[in-house]
Amino acid sequence: MLTDTQAPMQLANRLDRISEPQTIRMAKLSRELKAQGLNIIDLSLGEPDFRTPDYICEAAIKAMQDGYTKYPPVAGFPELRQAICDKFSRENGLSYAPENIVVSTGAKQALANVILSIINPGDEVVIPTPYWVTYSALVQLSEGKCVYVPTTIESDFKISPEQLEASITECTRMFIFSSPCNPTGTVYTREELAALAEVFQRYPQVTIVSDEIYEHINYLASHESIAQFEGLRDQVVIVNGFSKGYAMTGWRLGYIAAPKILAQACEKFQSQFTSGANSITQRAAITALNGPQESTYEMTKAFKLRRDFVIDALSKMPGVKINNPKGAFYAFPDISAFFGTTDGKTEINSDEDFSMYLLHTANITTVNGGAFGDDRCIRISFATNMEHLQEAMQRMKDALAKLH
Ligand code: PLP
């Protein structure tokens, strides 16, 4: 039997380079408090509250019955890689061959493959802030150096071509961003991407990682990818997946579209880490892409109504500054006006204090913006139903009214 008196196991130093994401910590805390009987409204979650559409679930059952229960090819079933190429051609006007596609256990693994394949110790990776928590962790794991470029709510959290150019040095190997963006909901237009593309064309040593996992949750007319600019085809990796647009978070499936040399490198990493992604999920994903897309549109419509409600409610709360997210399912208000205030018991001096105040006073879980590189803000997920959102916004308004 193991006892606590034994010398503690020595863990590797690389563990110190990363920490558990704040998003996952808040979701855990929320579950624990709910289990204690508290009426918590969880606005920390990064997953659609919808069920996976039936046509996809049925395809998974059929896959099991058809015997797709053995190890799949490491980079993915050829039919899925082809279906992904067809999707790129149909929805994005981009031409890829199956050899450019690697399917992984979530977009998170796809990102890990890409970053580990390119970044050597000391290499610089430019990341506009606010950014999705995992980018910096993976760069740090690779012993690369994150170069953060701050953006502001006034510029709709977008990086300008001038900021981009100023951040690139001879050590820069990568640029990572998401559009639609988690946590800000920012969506770059074609013109804005074209201006960034012009800068990147001068730096062919910089690989652009374009995280497009919220592609389908877009409230503008169309999704634009930086991969569409001809001169950049050998520099861009698109990361995408099924978690958000098809409400398939638990199925764990993501993919990249990349130059062949990088696709092969990612396949090599994956062959030692996990082998191919879940075979049943992969078969269901073929149906997800080739089947009717109505459920995806319906979910996006519902997210848009919630977005409108939440942004309207937040914009009416004195002291809260907010941009209008054009995609994804998050609001990222600047709440720094409350720093230095108190309700008589608790003093608010940081984003974390603010998030904790909402938790303890209003029973709402949010994520502090510092987790995404901007400690003036908090992230509010609206991937929950309208009743919860109405109740949560009322509770938040009441809690803020107590601060002076
Ligand atoms: N990229 C972004 C911007 C995300 O928000 C997430 C999930 O929250 C992922 C990637 C990872 O998605 P997956 O569930 O496919 O690993």
Side-chain angles (χ1 to χ4, degrees), residues 20-28 42-50 52 56 76 80 84 87 101-116 125 127-139 157 174-188 208-218 223 225-226 237-257 266 270 273-274 277-278 281-282 284-285 288-289 296 303 325-332 366-367 369 371-374 379-384:
E20 185 184 32
Q22 188 75 2
T23 43
I24 288 182
R25 213 176 304 154
M26 280 311 270
K28 238 194 235 171
D42 192 350
L43 305 182
S44 73
L45 284 181
E47 66 178 342
D49 54 317
F50 299 106
T52 304
I56 301 174
L80 176 55
I84 292 168
K87 169 250 174 301
I101 309 295
V102 179
V103 174
S104 301
T105 304
K108 207 176 229 183
Q109 187 187 20
L111 277 161
N113 287 339
V114 167
I115 294 170
L116 289 168
V125 179
I127 305 177
T129 63
Y131 56 87
W132 185 50
V133 286
T134 293
Y135 302 154
S136 56
L138 290 173
V139 171
F157 297 110
M174 187 178 276
F175 174 83
I176 313 181
F177 78 128
S178 59
S179 177
C181 174
N182 176 5
T184 61
T186 296
V187 175
Y188 285 83
I208 304 150
V209 179
S210 178
D211 183 343
E212 301 180 17
I213 194 154
Y214 291 95
E215 168 180 15
H216 292 113
I217 305 169
N218 186 334
H223 172 75
S225 171
I226 195 156
V237 192
I238 295 179
V239 175
N240 206 329
F242 294 81
S243 287
K244 317 292 177 178
Y246 295 94
M248 289 176 72
T249 46
W251 299 63
R252 311 304 304 125
L253 205 69
Y255 57 87
I256 55 161
C266 291
Q270 191 160 293
F273 275 152
T274 52
N278 182 299
T281 298
Q282 286 198 49
L289 290 177
T296 296
F303 285 130
K326 309 289 189 307
F329 37 64
Y330 310 103
F332 200 65
T366 54
V367 184
F372 307 93
D374 190 335
R379 191 189 76 174
I380 293 175
S381 163
F382 48 85
T384 187

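Just so you know, residue 1 is the first one in the sequence shown, and it goes up from there. Note that ligands are numbered from 1 as they come in the structure, with each ligand's atoms numbered from 1 the same way.
Listed by chain and number, the residues in a salt bridge (Lys or Arg N to Asp or Glu O under 4.0 Å) with Lys108 amount to none (sequence neighbours excluded). Among residues two or more places apart in sequence or in another chain, the side chain to side chain contact (heavy atoms under 4.5 Å, CB included) test is passed with Leu116 by Ser142, Phe269, Phe273. The salt bridge (Lys or Arg N to Asp or Glu O under 4.0 Å) check on Asp42 picks up nothing, with sequence neighbours excluded.
Near ligand 1, heavy-atom contacts under 4.0 Å come from Gly106, Ala107, Lys108, Trp132, Tyr135, Asn182, Asp211, Ile213, Tyr214, Ser243, Lys244, Arg252.
Side-chain rings of Tyr135 and Phe177 stay apart, their centers remaining 6.0 Å or farther from each other.
Screening Asp374, Asn182, Thr23, Thr184 for a side-chain hydrogen bond (donor to acceptor under 3.5 Å, both in side chains) with Arg379, the sole residue that qualifies is Asn182. Applying the side-chain hydrogen bond (donor to acceptor under 3.5 Å, both in side chains) test between Trp251 and each of Thr281, Thr52, Thr105 identifies Thr52 as the sole match.
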